A.B. asks: 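Before I ask anything, here is the structure I am working with.
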Amino acid sequence: MKWDAWGDPALAKELSADIKGLLAAALGVTGDATPGPAADEVLLHPSRITADDLKALAAAVGETNVSAADADRLPRAGGKSTPDLLRRRSRAPQDAPDAVVLPGDEQEIAAVLALCAERRIAVVPFGGGTSVVGGLDPERGGLTAVISLDLRRLDRLHDLDETSGEAVLGAGLTGPAAEALLAERGYELGHYPQSFRYATLGGFAATRSSGQDSAGHGRFDEMVRGLRVVTPAGVLDLGRAPASAAGPDLRELFLGSEGTLGVITAVRLRVHPLPAVKAYEAWSLPDFATGSAALRAVEQAGTGPTVIRLSDEAETMVNLAMTEQIGGAPAVTGCLAVTVFEGTAEQVATRHRLTRDTLLAAGATSLGEAPARAWEHGRFSAPYLRDSLLSAGALCETLETAASWSRLPRLRTAVTEALTTALPGALVLCHVSHVYPTGASLYFTVVAALGEDPLARWAAAKRAAGDAIVTAGGTITHHHAVGADHRPWMSDEIGELGVRILRAVKAELDPAGILNPGKLIP
Ligand SMILES: Cc1cc2nc3c(=O)[nH]c(=O)nc-3n(C[C@H](O)[C@H](O)[C@H](O)COP(=O)(O)OP(=O)(O)OC[C@H]3O[C@@H](n4cnc5c(N)ncnc54)[C@H](O)[C@@H]3O)c2cc1C
């Protein structure tokens with residue numbers, strides 16, 4: 001993973017002359033952003049960890065698994081939001097964890113937490129480093145230092161129970177590594193967020209991630225049958241049976257806990273056999289309202305597509321320009337919807353037919369397979385485009401929310417207005433990313449000129465959008481999680497009493513307050 005951009009440097013995308021022309025005409029962006037520093041030119045604030053702390057950490061996890069070198073601190077300085085990337089590109093001194101620690105098992109994690117509590121050192125659990133909400137900000141929270149607890153060594157398939165359809169996997173496995181281990185045995189998890197190639201199972205659980213196949217395989221939190229968590233107060237092994245009436249489900253406390261209550265070390269997940277057949281079909285809908293009503297009809301009828309998503313008119317237009325860049329798909333007018341079906345040949349045929357009938361009845365026109373295949377082909381590539389846009393002088397960032405179907409139109413209008421008021425002239429794209437019987441999530445992409453102070457410009461737009469979301473009855477986050485960035489809205493989300501409950505749980509599990517200060521809990 002690049003330290004100042006997304007993903008694999010070899011996959012970086014050049015902007016076409018057409019797109020550059022569009023940026024200049026629509027946003028006045030002329031493609032002359034100042035290049036950022038090289039990794040060895042970045043100025044980090046000096047590490048505050050003491051030699052004695054390093055010695056104690058090395059005794060817990062082994063000398064080769066502890067480092068206070070700038071080359072190790074820099075890649076863990078934060079996540080991958082646009083503000084993170086803008087900060088990385090800055091020549092001003094930057095904050096970073098004071099040391100990086102890579103434990104190999106639960107005993108080592110427990111030992112690290114104990115000595116950090118004793119020495120008043122904050123701990124930021126680090127999975128794949130793909131947080132887009134400031135979840136990895138190296139905050140010390142008034143303590144003496146902060147370490148990044150990198151969990152990549154927890155990378156094993158511990159168990160596969162084929163009878164029950166469950167697998168126990170290490171929290172540090174990335175999406176592709178977990179899928180490769182399961183595929184060797186003919187199984188799949190089917191969790192494909194856009195960050196799939198780099199994010200980890202522990203990160204998925206800690207943030208309640210949502211994949212693009214969520215209409216078929218569910219959100220990640222729904223796949224978690226059990227989990228193991230190491231907290232400063234002890235170890236928890238949660239989730240005994242597929243369902244239970246033994247009081248409140250404590251798994252729920254740790255799903256979405258974002259490293260503030262404990263370190264997730266392993267997850268027991270529902271898995272399914274690799275699909276025998278896949279089918280694709282794309283659709284054109286005359287407008288967004290007709291399109292979302294069509295998706296609602298499919299979801300409420302339960303016809304069973306694995307993927308179903310809908311782009312608004314603006315996003316459809318931009319997708320089209322991008323698809324033409326990679327070649328192949330026919331022209332689309334109105335709003336593009338994509339459906340994908342998986343299962344046995346018989347299941348796919350039935351699910352496809354029922355979905356097709358429902359969509360046609362709701363006003364959709366079939367575009368055939370090509371645009372749906374093109375979407376799947378390019379689905380992990382979009383983040384590379386953000387880097388090219390930033391380099392060309394355009395700010396590009398995303399935000400997401402969800403609400404019931406009846407509130408969705410008002411929510412979309414309110415967020416779009418908030419963003420375009422805060423960033424006049426900005427291009428705001430939107431799609432329905434996940435559907436549920438009672439509602440859906442909306443995912444917005446904003447492209448604007450970087451301007452003089454892009455961090456301040458985006459902070460103002462984000463504040464306006466967050467307030468609009470809350471007022472319009474949406475959730476402050478459907479899948480990106482809370483981190484530092486959404487924390488100001490947590491009391492709107494769960495109420496003051498809800499916040500006090502979370503604080504009480506934290507005080508019990510983490511009395512010294514070492515775990516991920518400044519995130520999630522106000
Ligand atoms: C380009 C891009 C696309 C994205 N697309 C999606 C998407 O489609 N769907 C989606 O849901 N999200 C998406 N995200 C957001 C992000 O990838 C998810 O939040 C992901 O689940 C984070 O996983 P990670 O392993 O990278 O965790 P990290 O970013 O390393 O950590 C995220 C948070 O979880 C905590 N944490 C990590 N591991 C553990 C652990 N084992 N125990 C306790 N706490 C832990 C961290 O302290 C931090 O607070 C995207 C991000 C980017 C940059």
Side-chain angles (χ1 to χ4, degrees), residues 1-2 5-7 75-76 78-82 84-85 97 103 106 109 113 122-139 146 148-155 169-175 177-178 191-214 219-221 227-231 254-267 309 379-387 396-400 431 433-434 441 443 445 477-487 515-521:
M1 172 76 98
K2 289 182 79 176
W6 180 248
R76 280 100 170 175
K80 293 289 178 197
S81 67
T82 298
D84 283 322
L85 301 185
E106 284 186 358
I109 293 171
L113 295 186
V123 177
V124 180
F126 189 97
T130 67
S131 169
V132 282
V133 291
L136 298 165
D137 289 356
E139 288 200 28
V146 56
S148 175
L149 191 72
D150 189 320
L151 299 161
R152 68 182 56 192
R153 291 176 65 210
L154 308 183
D155 61 355
L169 292 137
L173 281 163
T174 61
H191 185 68
Y192 297 111
Q194 200 176 45
S195 52
F196 166 74
R197 289 187 177 145
Y198 297 93
T200 61
L201 303 187
F204 294 152
T207 61
R208 289 186 183 273
S209 153
S210 208
Q212 292 164 342
D213 295 3
S214 70
R219 294 165 57 92
F220 195 80
D221 48 16
L227 37 76
R228 287 185 63 87
V229 192
V230 178
T231 78
F254 294 93
L255 293 168
S257 60
E258 302 186 34
T260 63
L261 302 179
V263 179
I264 299 166
T265 56
V267 279
R309 50 196 286 126
R379 68 173 164 171
F380 299 129
S381 311
Y384 290 101
L385 200 60
R386 177 179 58 161
D387 298 327
C396 174
E397 183 56 308
T398 62
L399 56 88
E400 36 75 59
H431 66 254
S433 62
H434 303 87
S441 70
Y443 187 95
T445 304
T477 173
H478 167 262
H479 59 266
H480 280 168
V482 176
D485 298 359
H486 292 142
R487 200 166 76 128
L515 283 170
N516 217 0
K519 322 294 157 43
L520 178 66
I521 308 170

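Everything quoted here is computed from the prediction, not taken from an experiment. In each ligand, atom 1 is the first atom listed, and ligand 1 is the first ligand listed.
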A.B. asks: When you measure from atom 33 (C) of ligand 1 to each heavy atom in Leu227, Thr207, Val132, which option holds the nearest one?
C.D. replies: Thr207

A.B. asks: Is there any N or O on Lys80 that sits under 3.5 Å from an N or O of ligand 1?
C.D. replies: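 Such a contact does not occur with ligand 1.
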
A.B. asks: Of the side chain and backbone of Asn516, name the one, both, or neither that has a heavy atom under 4.0 Å from an atom of ligand 1.
C.D. replies: side chain

A.B. asks: Test of understanding: given a 4.0 Å heavy-atom threshold, classify the contact between Pro193 and ligand 1 as side chain, backbone, both, or neither.
C.D. replies: both

A.B. asks: Restricting to non-hydrogen atoms, name the atom on Val123 and the atom on Leu149 that form the minimum distance, rounded to 0.1 Å.
C.D. replies: CG1-CB, 3.8 Å

A.B. asks: What residue and atom, counting heavy atoms only, is the protein's closest point to atom 2 (C) of ligand 1, and at what distance?
C.D. replies: Ser195 CB, 4.1 Å

A.B. asks: Among all the protein's non-hydrogen atoms, which is closest to atom 47 (O) of ligand 1, and how far away is it?
C.D. replies: Pro125 O, 2.6 Å

A.B. asks: Looking only at heavy atoms, what is the nearest atom pair of His480 and Val133, with distance?
C.D. replies: O-CG2, 3.5 Å

A.B. asks: Which heavy-atom pair separates Ser209 from His191 by the least distance, and what is that distance?
C.D. replies: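 So the minimum-distance heavy-atom pair works out to OG-NE2, 2.7 Å.
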
A.B. asks: Under 3.5 Å, is there a donor-acceptor pair linking the side chains of Glu400 and Thr477?
C.D. replies: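 Distance-only check passes for Glu400 and Thr477.
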
A.B. asks: I need the minimum non-hydrogen distance between Val124 and Gly135, along with the two atoms involved.
C.D. replies: CG1-O, 4.2 Å

A.B. asks: What residue and atom, counting heavy atoms only, is the protein's closest point to atom 48 (C) of ligand 1, and at what distance?
C.D. replies: Gly135 O, 3.5 Å

A.B. asks: Looking at Arg219 and Arg208, what are the two nearest heavy atoms and their distance?
C.D. replies: NH2-O, 3.2 Å

A.B. asks: What verdict does the side chain to side chain donor-acceptor pair (under 3.5 Å) test give for Ser441 and His479, after you've listed the backbone C-alpha separation in whole Å, the side-chain angles of each residue and the deciding distance to 0.1 Å?
C.D. replies: CA-CA 9 Å; Ser441 70; His479 59 266; 5.1 Å; no

A.B. asks: I need the contact type for Trp6 against ligand 1. Using non-hydrogen atoms and a strict under-4.0 Å cut-off, is it side chain, backbone, both or neither?
C.D. replies: side chain

A.B. asks: Does any N or O atom in Phe126 lie less than 3.5 angstrom from one in ligand 1, N or O only?
C.D. replies: no

A.B. asks: In the protein, which heavy atom is nearest to atom 22 (C) of ligand 1, and how far is it?
C.D. replies: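 Ranked first by proximity to atom 22 (C) of ligand 1 is Thr130 OG1, 3.3 Å.
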
A.B. asks: Relative to ligand 1, is Val229 under 4.0 angstrom through side chain, backbone, both or neither, heavy atoms considered?
C.D. replies: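 Within the 4.0 Å criterion, Val229 makes no contact with ligand 1.
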
A.B. asks: What's the shortest distance from atom 42 (N) of ligand 1 to any protein heavy atom, and which residue and atom give it?
C.D. replies: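 Ranking protein heavy atoms by distance from atom 42 (N) of ligand 1, first comes Ile264 N, 2.9 Å.
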
A.B. asks: Tell me, which protein residue and heavy-atom name are nearest atom 28 (P) of ligand 1, and how many Å apart are they?
C.D. replies: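 The closest heavy atom on the protein side is Gly129 N, 3.7 Å.
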
